[in-house]
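Since the structure comes first, as structure tokens, the remarks are kept for the end.
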Amino acid sequence: MSNRIAVVGDKESIYGFAALGLDPYVFDPSGDGFTMFKKLCQNESYSIIYVTEAAAAMLDKEIEKYRSAPSPAIILIPGVSGNTGEGLSAVRKSVEKAVGSDIFNE
């Protein structure tokens, strides 16, 4: 397995990550975006895949298939349209599952 990192989302949200050495993939829900995401998840060279919250909303069923898999780690990030709270919610669910209780009491 490699340590490559991919970023999936709309063009405006992800292309800045290329300067950091991450591999950007534009998610196009009307095109082959779903197939592209599935291939990324099955590609063993990616250990982490960042997905914008907007793209994750459309990829929810596919992302769910990989939640319990050790790799790739799929991490939600806000896009240029702002933070929807889905990323934090996903982290909260993962921590609660690992620890056994909600340690982020509000």
Side-chain angles (χ1 to χ4, degrees):
M1 175 171 314
S2 176
N3 290 327
R4 291 174 63 192
I5 300 173
V7 182
V8 176
D10 61 278
K11 184 177 180 179
E12 294 78 19
S13 297
I14 65 168
Y15 268 100
F17 289 98
L20 301 173
L22 282 65
D23 299 336
Y25 291 90
V26 175
F27 176 73
D28 179 9
S30 63
D32 66 343
F34 294 95
T35 303
M36 175 270 302
F37 183 75
K38 187 174 183 177
K39 287 180 181 178
L40 274 178
C41 290
Q42 295 171 346
N43 185 339
E44 293 184 8
S45 64
Y46 289 104
S47 55
I48 300 172
I49 301 174
Y50 290 109
V51 181
T52 62
E53 292 173 336
M58 292 177 263
L59 290 165
D60 193 42
K61 290 180 183 178
E62 194 64 36
I63 290 172
E64 192 61 37
K65 294 177 185 177
Y66 295 95
R67 288 247 189 254
S68 60
S71 184
I74 299 174
I75 302 167
L76 306 186
I77 59 173
V80 294
S81 59
N83 185 354
T84 66
E86 278 300 311
L88 181 59
S89 177
V91 169
R92 177 174 275 143
K93 287 177 188 175
S94 295
V95 170
E96 186 173 348
K97 183 177 179 181
V99 175
S101 66
D102 184 5
I103 61 171
F104 296 110
N105 291 329
E106 292 184 33

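Numbers for residues simply follow the sequence, beginning at 1.
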* What's the shortest heavy-atom distance between Cys41 and Pro72, and which atoms? -> O-CD, 3.5 Å
* Would you say the side chain of Ile63 lies within less than 4.5 Å of the side chain of Phe37, judging by non-hydrogen atoms? -> yes
* Which atom pair, heavy atoms only, marks the closest approach of Val8 to Ala55? -> O-CB, 4.4 Å
* To do: Looking only at non-hydrogen atoms, find the nearest pair between Ala56 and Val51 and report the distance.
  => N-CG1, 3.6 Å
* To do: State which residues pass side chain to side chain contact (heavy atoms under 4.5 Å, CB included) with Glu64; sequence neighbours excluded, sorted by chain then number.
  => Arg67
* CG of Leu40 to OG of Ser45: how many Å apart, nearest 0.5 Å? -> 8.5 Å
* Structure fact -> OG (Ser71) and CD1 (Ile49) are apart, to the nearest 0.5 Å, by 8.0 Å
Hey, can you pull the donor-acceptor pairs under 3.5 Å for the side chains in residues 18-34, sequence neighbours left out?
residue	atom	partner	partner atom	Å
Asp23	OD2	Arg4	NE	3.2
Asp23	OD2	Arg4	NH2	2.8
Asp23	OD2	Tyr46	OH	2.7
Tyr25	OH	Tyr46	OH	2.7
Asp28	OD1	Ser30	N	3.1
Asp28	OD1	Ser30	OG	2.8

* Only counting residues at least two apart or in another chain, list the ones meeting side chain to side chain donor-acceptor pair (under 3.5 Å) with Lys65. => Glu62
